[in-house]
Amino acid sequence: MSEKPYRPNVGMVVCNRLGQGMVGERYQFPGSWQFPQGGIDSEEDYLHAANRELYEEIGIDSATYVGEYPDWIAYDFPSDLKLSGELKKFKGQTQRWILFFWDGQESDCKLDLHEREFLSVRWMDFSEILEKIVPFKRPIYEQILPVFEQMIRKYIASL
């Protein structure tokens with residue numbers, strides 16, 4: 001039996017002019033917060049997937065691309081995670097992380113445009129995000145956030 005593959009995925013870090021990140025509280029797991037993320041469709045470019053998923057998950061279609069983490073990052077699904085549908089075919093996900101700037105309000109987000117992923121969204125400081133993120137994703141966030149903090153500081157200074 002061959003080992004399960006990793007699912008190609010894209011994660012989106014959306015920051016505002018205060019340097020805060022937009023996170024969503026998972027619909028199926030209240031109290032679990034994360035950045036929007038989603039699968040990359042067959043033959044789809046990851047930047048297109050990032051824009052599509054950002055719109056589908058939180059209703060943002062006017063974010064400005066700032067940059068991206070330079071490498072793909074893979075993680076395994078925890079053995080106790082109850083996977084549904086398509087995700088059962090995969091060992092975990094390999095992700096490309098994209099940084100966007102958007103200075104809207106939480107109330108501007110539309111959370112039910114597609115299959116609902118989040119109960120609510122909030123702007124949070126990166127330190128708070130690291131405290132609230134589900135533990136199995138924390139190492140990824142600890143890897144990408146210092147890089148993105150530098151990028152967003154430079155971007156905000158140029159506004």
Is Glu56 salt-bridged to Arg52, cutoff N-O under 4.0 Å?
yes
Stepwise side chain to side chain donor-acceptor pair (under 3.5 Å) check, Trp102 with Ser62
CA-CA 7 Å; Trp102 183 72; Ser62 59; 3.3 Å; yes
In Å and rounded to the nearest 0.5 Å, what is the CD1 to CG distance from Ile40 to Asp45?
8.5 Å
Cation-aromatic face contact Arg26/Trp33, 6.0 Å, 45 degrees:
no
Measuring from atom CG of Leu111 to atom OG of Ser120, what distance do you get when rounded to the nearest 0.5 angstrom?
7.5 Å
How about OH on Tyr27, more than 12 heavy atoms from neighbouring residues, nucleotides or ligands closer than 6.0 Å, or not?
no
For the atom pair CG (Leu99) and CE (Met151), what is the distance rounded to the nearest 0.5 Å?
6.5 Å
When rounded to the nearest 0.5 angstrom, what is the spacing between CG in Leu83 and NZ in Lys88?
8.0 Å
Measure centre to centre between the rings of Phe101 and Tyr155, then say whether the value is under 6.0 Å.
yes
Is the side chain of Asn16 donor-acceptor paired with the backbone N or O of Gln20 at a distance under 3.5 Å, no angle test?
yes
What is the distance from atom CH2 of Trp72 to atom CD of Gln93, rounded to the nearest 0.5 Å?
11.0 Å
Between Glu131 and Arg138, does any NZ, NE, NH1 or NH2 come within less than 4.0 Å of an OD or OE carboxylate oxygen?
no
Please lay out, stage by stage, how Thr94 and Arg7 fare under the test side chain to side chain contact (heavy atoms under 4.5 Å, CB included).
CA-CA 6 Å; Thr94 183; Arg7 176 181 181 237; over 6 Å; no
Would you call the rings of Trp97 and Phe35 parallel, tilted or perpendicular if under 30° counts as parallel and over 60° as perpendicular?
perpendicular
Could you walk me through whether Glu53 and Gln37 pass the side chain to side chain donor-acceptor pair (under 3.5 Å) test, one step at a time?
CA-CA 7 Å; Glu53 287 288 344; Gln37 65 178 54; over 6 Å; no
Find the distance between CG (Asp103) and CD1 (Ile156) and round it off to the nearest 0.5 Å.
8.0 Å
Might you work through the side chain to side chain donor-acceptor pair (under 3.5 Å) test for Asp76 and Tyr6, ending with a clear yes or no?
CA-CA 8 Å; Asp76 293 348; Tyr6 286 94; 2.4 Å; yes
Salt-bridged, Glu68 to Arg96, with N to O below 4.0 Å?
yes
Decide yes or no for Ile129 and Tyr141: does some side-chain heavy atom of the first lie under 4.5 Å from some side-chain heavy atom of the second?
yes
Would you check, one step at a time, whether the test side chain to side chain donor-acceptor pair (under 3.5 Å) holds for Gln143 with Tyr69?
CA-CA 9 Å; Gln143 186 175 344; Tyr69 192 80; 3.0 Å; yes
